[in-house]
Structures are given as C-alpha cells and as structure tokens.
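Nothing here was measured: the structure is a model prediction, and the numbers come from that model. Labels below follow one simple rule: chain letters A, B, ... track the order of the sequence lines, proteins then strands, and each chain is numbered from 1.
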Amino acid sequence: MPELPEVETMCRGIRPIVGGIISSVTVPKCQFRPIQIEPKIRTIDRRLAGECVDRVSRLGKRVVVHAGKWRLVLQPKMTGLVVIDSPPDFEHVRLIIELMGSQVTRMMFWDRRGLGTVQLVTEKELVSKIAAGRLGPDALSISANDFATRLTATRRPVKVALLDQHIVAGVGNLYASEVLHVAKINPACPASQLSKPRLALLHQSMQEILTTAIAYEGSTLSDGAYRNALNNPGAYQNAHRVYDRENQLCLSCSKSQIKRIVQAQRSTFYCPNCQRR
DNA sequence: CATATGTCCTGAGAGC
DNA sequence: TGCTCTCAGGACATAT
C-alpha cells in the first residue's frame with residue numbers, strides 16, 4: 001500500500017538515474033496479466049529512447065520521471081514498487097528502463113498484484129489528465145487553513161475524507177488511522193463537524209507523521225511487499241500506534257484495546273478511549 | 001452535485 | 001496435506 005512516505009522513498013531511491021540517457025523501455029515476458037500501460041510500450045520506447053532523465057518527482061502517490069518533454073508516470077497502487085536493480089523477484093517485473101551514462105543503468109517497475117499503471121504524458125497532460133480535478137494539494141505542503149477548508153467541505157467521516165485524494169493528496173489507509181490517533185480524533189466524526197483547534201492539530205499530526213515516516217523510509221507490513229529502491233524494508237511499521245494492532249493495548253493510554261472497524265470497505269484502527277466522539 | 005458501492009488483481013492465511 | 005475461501009486497499013467506474 002504505498003502511500004506518500006513510501007512513494008517519496010521510491011523517488012529518492014531512484015534519483016541516481018538522473019543524468020542518464022534512456023536506451024530502452026521494455027515490458028518483460030510475464031505469466032501474469034499485463035498491467036495498464038499508456039500508450040503502447042513500443043510508442044513509449046520510441047519516444048523516450050535517447051532522452052536524458054532530468055529529474056524525478058512525486059505527484060501524490062505517483063512517481064514522475066522527467067525526460068525532455070516527457071513525463072513517465074508510475075502509479076504503484078497496492079503492491080507496486082519502483083526499484084533500481086533488485087526487485088523482490090523477477091516474475092513480477094512489469095517494466096524495465098535501461099540507461100547509459102548514469103550511476104545506475106537500470107530502473108524497474110515491479111508489481112505483484114498488477115493493479116499499478118504506467119502512463120507517458122507531456123507536462124501539459126500531466127496537469128490536465130492527472131492533477132487537475134483529481135488531486136488536491138499535497139499532504140506535506142498544504143497549509144493549515146487550506147486543509148481545514150477542504151476537509152470541512154464534506155460531511156463524510158473524517159477518516160474517509162482523509163483518503164479522498166481530491167481533498168488532500170498522499171494519505172492512504174494506514175497513515176489515516178495513525179494520524180487520527182495522534183490527533184485524538186474519532187475516525188467516524190463527520191469532517192464538517194471538526195472544530196478549528198482539532199483541525200489544526202490534525203494538520204500538524206499529519207505532516208509530522210508523514211515526515212517521520214519518510215525518515216524511516218516508509219512502512220513494510222507483514223506481507224513484506226513494500227521495499228525501498230534497494231530492496232530493503234522500511235522501518236516505520238515499528239512506530240505504528242494503531243494500524244494492524246486490533247485487540248492490542250493502546251500505546252498512549254494503556255487502558256483500552258485498539259478496535260478495528262470498517263469504513264468505506266477499508267479497515268480503520270483506533271483507540272475508543274483516546275479517540276472519543 | 002455529493003456520496004456510496006463495485007471492480008480490478010495476486011498471494012497469504014484461515015478453516016476444513 | 002491440500003484444497004477452497006476470504007481478505008488486503010488505491011483509484012477509477014458506475015450507481016444512487
């Protein structure tokens with residue numbers, strides 16, 4: 001479940017490709033259903049071959065590789081990884097970029113479940129097709145005021161609102177639970193009913209947790225799927241206070257057990273004592 | 001328009 | 001042991 005911290009770690013991990021000249025972009029033979037790639041791989045290869053990788057950036061939960069006028073947009077979704085040279089295995093490698101003249105000569109998109117996508121677009125299309133109307137401001141840089149305005153515009157439960165990328169981009173299921181626990185806010189509380197001080201605290205908790213999780217290189221869960229670009233696990237899972245801790249004692253109050261509920265068909269974990277309505 | 005639900009996919013783990 | 005079933009959730013499509 002790569003979310004903002006995991007995707008940011010991937011971006012940082014593949015930065016050594018910057019300065020390299022792309023020699024080829026290919027899809028390896030694969031026993032699984034191919035992932036969604038737009039346009040056809042042959043077109044992508046033709047357009048990118050010979051282009052220099054100028055920069056790598058993150059757009060919400062997507063990795064963007066800048067090469068000349070082109071933007072290669074990699075969306076890991078559930079189990080996708082962007083790695084330099086050491087994927088967890090080779091059977092789930094979905095895309096290979098070969099490079100010349102950079103510190104590293106290969107970058108791969110690996111995806112076990114194959115829900116991830118790859119798109120090649122121009123800067124203009126990056127905005128019109130992907131960012132505009134689909135992605136709110138980035139969770140790391142959104143101001144407290146903007147965050148409060150956007151979040152309180154919906155009556156949905158605050159946990160569900162945090163997952164909506166139109167409102168704020170980058171928060172996913174795991175960090176939404178973590179952030180609400182630190183801010184001591186009940187996940188079922190309608191976003192529109194949050195008080196000013198609570199919104200300010202939520203904003204602060206969100207940015208603190210995401211920043212810390214980046215420093216820890218993200219969370220690797222029990223399935224072990226998430227890895228950084230060098231195939232090493234993250235460390236933030238050791239700092240989780242509620243996620244995947246159902247029936248375990250709350251680390252803050254030591255009085256209640258962590259509860260799991262389902263909201264919008266996703267698990268939410270919270271402490272009924274610390275996060276009262 | 002706002003909100004809710006269904007869908008895609010593979011592999012891990014539960015239960016029999 | 002080996003089978004079948006359920007579940008994990010990001011983001012979009014479709015329904016209400």
Requested in this report: State which residues pass salt bridge (Lys or Arg N to Asp or Glu O under 4.0 Å) with A:Glu8; sequence neighbours excluded, sorted by chain then number.
Outcome: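 Counting only residues at least two positions away or on another chain, A:Glu8 forms a salt bridge (Lys or Arg N to Asp or Glu O under 4.0 Å) with A:Arg12, A:Arg58.
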
Expressed as a whole number of angstroms, how long is the span from [X]:[atom1] to [N]:[atom2]?
X        : N      : atom1 : atom2 : value
A:Ile35  : B:dT10 : CD1   : C1'   : 14 Å
A:Lys159 : B:dT3  : NZ    : P     : 16 Å
A:Leu81  : B:dT10 : CG    : C1'   : 14 Å
A:Asp164 : B:dA4  : CG    : P     : 11 Å

Counting primed atoms, P, OP1 and OP2 as sugar-phosphate and everything else as base, the B/S/- map of nucleotides 9-16 of chain C against protein heavy atoms under 4.0 Å is BBBS----

Hey, can you pull the donor-acceptor pairs under 3.5 Å for the side chains in residues 209-216 of chain A, sequence neighbours left out?
from	atom 1	to	atom 2	distance (Å)
A:Thr211	OG1	A:Gln207	O	2.6
A:Thr212	OG1	A:Glu208	O	2.8

Which residues pass the side-chain contact (heavy atoms from CB on, under 4.5 Å) test with A:Val83, not counting sequence neighbours?
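So A:Val83 forms a side-chain contact (heavy atoms from CB on, under 4.5 Å) with A:Leu81, A:Pro87, A:Met108.
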
field: All side-chain contact (heavy atoms from CB on, under 4.5 Å) counterparts of A:Arg55, not counting sequence neighbours
entry: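 In terms of side-chain contact (heavy atoms from CB on, under 4.5 Å), with neighbours along the sequence ignored, A:Arg55 is linked to A:Ser57, A:His66.
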
Please list all pairs meeting ring pair (Phe, Tyr, Trp, His ring centres under 6.0 Å) that have one or both residues in residues 156-192 of chain A, counting only residues at least two apart or in different chains.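 Applying ring pair (Phe, Tyr, Trp, His ring centres under 6.0 Å) to every pair that reaches into residues 156-192 of chain A, excluding sequence neighbours, yields A:Tyr175-A:Tyr236.
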
Quiz item: Should A:Asp85 and A:Arg106 count as an ion pair when the cut-off is N to O under 4.0 Å?
Solution: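 Yes.
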
* Have a look at A:Thr154 and say if it touches a base, only the backbone sugar-phosphate, or nothing, with a 4.0 Å heavy-atom cut-off. =>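 If one applies the 4.0 Å heavy-atom cut-off, A:Thr154 turns out to touch the sugar-phosphate alone, with no base involved.
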
